[in-house]
Amino acid sequence: MLLPATAVPTPRAQRINFLLSMSMSRPPLRVGLFVTCLVDLMRPGIGFAAIRLLEAAGCEVVVPATQTCCGQPAYNSGDRKAAQELALKVVREFAGFEHVVAPSGSCAGMIRAHFAELLADFPVELAQAEKLIASTRELTDFLVNVAGLTSVPGRLEGAVTYHDCCSGLREMGVKTQPRALLAQVPGLELREMTTPEYCCGFGGMFSVKYGEISARIADRKCDDIAATGANAVVLGDLGCMLNIEGRLRRRGDTTTRVLHVAEVLAGTEGT
Amino acid sequence: MSARDNILGRIRAARGAGPTVTAAERAAVDERIAKHPIGVRPAMPWETVPRFIEQCVRMSSTVDRVAAVGDVPAAVERYFDDANLGKRAVVWPEIAQLDWSATGVVVEARPAAGPDLVGITGVHLGVAETGTLMFLSGARTPAATSLLPETHIAVVPIGRIVRAMEEAWQQTRDEIGDLPRAVNFVSGPSRTADIEGLLQIGAHGPFRVHVILVG
Amino acid sequence: MQNLTESTGQSATAAGSTFKQRAHIKLHDVKVQRAMKNFNLAGARARAMVELDNLEDIRTDAAGIRDRALADLDVWLERFETEARRRGTHVHWAETHADINRIVLEIAAKASVRKVIKSKSMVSEESHLNAALEANGLKVVETDLGEYIIQLRGETPSHIIAPAIHLNRDDVADLFAEHHKTPRNNDPAVLTMEARKFLREHFLSGDMGISGGNFLIAETGSVYLVTNEGNGRLTTTMPRVHVAITGIEKVVPTLEDVSSVLRVLTRSATGQSISNYVTILTGPKRAGDTDGPDEMHVIIVDAGRSKLLGTDMQEALRCIRCGACMNHCPVYQNIGGHAYGWVYPGPIGSVLTPNYIGLENAIDLPHAATLCNQCGVVCPVKIPLPDLMRKLREKQVDRGLRPWQERFGLRMWAWFAARPGLYGLAAKIAARVGRMAGGSSGLIHKLPGNGWTEERDFPAPSGKTFRELYAARKAGR
């Protein structure tokens, strides 16, 4: 799908908008960045891209140094006790922030959609977590709906398609936000898949326990991506990224790039 | 203890209720049944008769309309000729009372049996929301006549068309009181998609449902 | 307690002793794969739901109707029983699957039944009723086209409303030519007409008709059936005896309540605004009636259901068996229904099966999902299927049913993750080792003992962790 020409500002207007947004006079929003354990281990660049975007939106970004994981792998594996320990740790590290942002719909969704249930046995900590639960957002959702970011530093020549990651979409309502921001990237053309909301087959430990089924589900996603003719698939969750990239490469597709939306918007993809 | 008492006992224990049903619990059930409130429904921004016709067609019924009940036999004959169905039908008694003498159609007022090819019935009500015919079983309204023949023709006075299922139930309570043995809601010819998910019209019930609206 | 592997014994195509093995077989079965690619009831549902402008409110209301009945289930069942008996219906109660079969056999013996015709009943699949009847010398004929096909093949249903969806027209053509001794024809229209002709004989000669019951209406003591083919009407109209078998959870208070639920049931199931036939049966033939059975029986089945009441699994009892969860499940869409190994496949099966036959007999099922929640968002009665699967996973861990390697791995990982210093060090090492393993391609082709790389590469880490780089950047500032 081609976007109307008017939706994409000229590069010059883009730079001006960007500089304007940098110099906005409102007091900066103080944001706690939840980097996520997968970004930390696998693709640190996504974390820096997120910082760049948040700063572009006029935010003061704080990265608590002791953070590790939100507890989702344990939660989804049925190890409630381990999940609770890690959730309590997240609460201790992030309860003080007005805003908490993660470059991942699934980690943000863990906090926002599941912490209340998970911490029901810890009333004191749950009370402390109330604001955290309500204010945790996925990166693009925060940039559009809280920070009001209207122009982005990135630029990318070519056609991309966007995969809606399940948790971001169905737990956090992330659908239009990344598309609105991608529309601001000069040179980028968004081509929708037939079923962008269809699961890629990752499912956390599911991809390890039932690798064969998982890969077969990923095939449908790979076919859908290929049919768009896009040079890259852009998405907002590292788990889905690794899964889709891993299946594309095993199928022999060495050219279709798999990019995190933060990298594309920040203009740091491939760094 | 009987199986019944064991099951009901387990249910009561599971929901933390005492061993026997209380008067208050029975009263709550009585009240819900007495009030039988209508739930949340979609918007129904349509007139009943046009909606009924549109939905009948959507469910693969065919629809004809005549001005008065006296026009029904001629409409039936027309349909027979167009569909090449011969001239014989088994009908409900109320349909047999119409004047068929001007037509070549031979009607028999008896319940349909296996070999009968065409059944003609009235209806209890029509339901506009879904293009549905509502039948009550009974001595003069045998269920088999709308079920066994390959072709089913139903005569529907427009005054008998109600908006939705809920109105149909209320009107039935008002007119009949208790339910008969069988209430059948029929929406178009029978169908199946059990082979490769492909829709086939005409499984075990009628292949054709033809509605003759009167009024 | 039934064992999952034994219960699939009657299905030749569901060979393999674990879910994973069965799924593997299905993933490499060309016919199943072709059938599953053609299968798209999800699209039909999406088109039908457009008509409901307030779908979310209607779903919430439908869930509320189901919850209301479940909250005082015994009182509604008692009321159903009273109203049904008042109108001449015999009400039976079955605590177990064995009870269902015993009760049907007793009714059959008393009424000198020789031939039984059946409309779809998933509860009778739970109890292997057909086998029990046949073992007692009764002739049993399934009359739903899909059920008829799989009965002739000696299989079990692979979907709760499309039981033969795993087969194609050539399978059916071969089957009918063999059993009907008719010339082979693979046109679905011709095959459907052929089944009509052969089954019509059975409808007219059956002594007992067995149906399920989509709902029981407490207000009137009625059995409520939703069908398309017309076999449900024939099964409950033509034979002398009608037996309806359904679960305790299927009771709904009033005719208005069931009308609300029907709006989402048929749209969720097949994308129809209504099924062709909705039949409400209230007792046997009345004085003066020209048709209908002389006896009507309802068997109300527990068989594990009451165990869910009052627990964190209760929401599963709202289920109205539309099949939308499996139609939308990426796992079901790839492996089909037989791999799940018991009566109910897909997400609802992954919740009901462990509950009904034992958590230890269905170790894989709660994990056989990506938790994408497509099932949860389409469920017409808002059953939080991923949450229920997750709770079952917790119960497995609590009962020590998961493999020790998995439990140990999770413990180790959680132990590290709770200790940021150690965790940072471990991540730093893993990032470097992974980077090296990825080599110039940046891809790891084989992770030992890990299903990931069976059919997929693992993109290698880029070499340094975020925390290292961030610390370096801050120090540099």
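Reckoned from all heavy atoms, side chains included, excluding hydrogens, waters and symmetry mates.
Look at C:D364 and A:K209 and you find no salt bridge, because none of the NZ, NE, NH1 or NH2 atoms lies under 4.0 Å from a carboxylate O.
To the nearest 0.5 Å, the span separating CZ on A:R80 from NZ on C:K395 amounts to 10.0 Å. Taking CD from A:E117 and NZ from C:K391, the interatomic distance works out to 6.0 Å, rounded to the nearest 0.5 Å. Annotation: the span from C:C329 atom SG to A:I217 atom CD1 amounts to 7.0 Å, rounded to 0.5 Å. Annotation: the span from C:T453 atom OG1 to A:R250 atom CZ amounts to 6.5 Å, rounded to 0.5 Å. To the nearest 0.5 Å, atoms CD1 (A:I51) and CZ (C:R473) are separated by 5.5 Å. One finds the CD1 atom of A:I213 at 13.0 Å from the CD atom of C:Q333 (value rounded to the nearest 0.5 Å).
For the residue pair A:Q67 / C:R467, no side-chain donor-acceptor distance below 3.5 Å is found, with atom types taken as modelled. Side-chain contact, A:N243 with C:R456: a donor N or O sits under 3.5 Å from an acceptor N or O.
In this structure, the portions of C:V331 lying under 4.5 Å from any heavy atom of chain A include both its backbone and its side chain. With a threshold of 4.5 angstrom between heavy atoms, C:L27 approaches chain A through its backbone and through its side chain. Residue contact with chain C, scored on non-hydrogen atoms closer than 4.5 Å, involves the side chain of A:R220 exclusively. The contact between A:Y75 and chain C is made by backbone and side chain atoms together, counting heavy-atom distances below 4.5 Å. Proximity to chain A involves both the backbone and the side chain of C:E454, based on heavy atoms less than 4.5 angstrom apart. Only the side chain of C:D387 has a heavy atom closer than 4.5 Å to any heavy atom of chain A. In this structure, no portion of A:S167 lies under 4.5 Å from any heavy atom of chain C. In this structure, chain C has a heavy atom under 4.5 Å from the backbone of A:A65, while its side chain stays farther away. Neither the backbone nor the side chain of C:E468 comes within less than 4.5 Å of any heavy atom of chain A. Only the side chain of A:V35 comes within contact range of chain C, with at least one heavy atom under 4.5 Å from a heavy atom of that chain. Neither the backbone nor the side chain of A:C200 comes within contact range of chain C; no heavy atoms are under 4.5 Å apart. In this structure, chain A has no heavy atom under 4.5 Å from any part of C:A471.
Per-residue heavy-atom pair counts under 4.5 Å with chain A were compared for C:P386, C:A369, C:G421, C:G376, and the maximum is reached by C:A369. For the options A:L248, A:T66, A:I46, A:N76, heavy-atom pairs under 4.5 Å to chain C are most numerous at A:N76. Ranked by heavy-atom pairs shorter than 4.5 Å toward chain A, the options C:A414, C:A460, C:A418, C:A417 are led by C:A417. Contact count versus chain C (heavy atoms, under 4.5 Å) is highest, among A:G203, A:A215, A:S207, for A:S207. By number of non-hydrogen pairs under 4.5 angstrom with chain A, the leading residue of C:V397, C:D457, C:L469, C:I444 is C:D457. Of the listed residues A:L38, A:L88, A:V63, the one with more heavy-atom pairs under 4.5 angstrom with chain C than any other is A:V63. Note on A:M241, A:E245, A:E85, A:E212: by heavy-atom pairs under 4.5 Å with chain C, the leading option is A:E212. Residue with the most contacts toward chain C among A:C69, A:A74, A:S77: A:S77 (heavy-atom pairs, distance under 4.5 Å).
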Step by step, would you call A:Y210 with C:I335 a side-chain contact (heavy atoms from CB on, under 4.5 Å)? CA-CA 12 Å; A:Y210 306 101; C:I335 64 175; over 6 Å; no
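Taking 4.5 Å as the limit, some side-chain heavy atom of C:P420 sits within range of a side-chain heavy atom of A:K89. Put simply, the side chain of C:W413 reaches to within 4.5 Å of the side chain of A:L86, judged on heavy atoms.
Summarising the geometry of A:V39 relative to C:F466, their closest heavy-atom pair is O-CB, 4.5 Å, with the distance given to 0.1 Å. Nearest heavy-atom pair across A:P73 and C:L410 is O-CD2, 4.1 Å. The two residues A:F206 and C:A368 come nearest to each other via the heavy atoms CE1-C, 3.9 Å.
Under a 3.5 Å cut-off, the side chain of C:S462 and the backbone N or O of A:M42 do form a donor-acceptor pair. Distance alone, capped at 3.5 Å, places no donor-acceptor pair between the A:R216 side chain and the C:N334 backbone.
For residues 427-437 of chain C, the interface with chain A (any heavy-atom pair closer than 4.5 Å) comprises C:A427, C:A430, C:A431, sorted by residue number.
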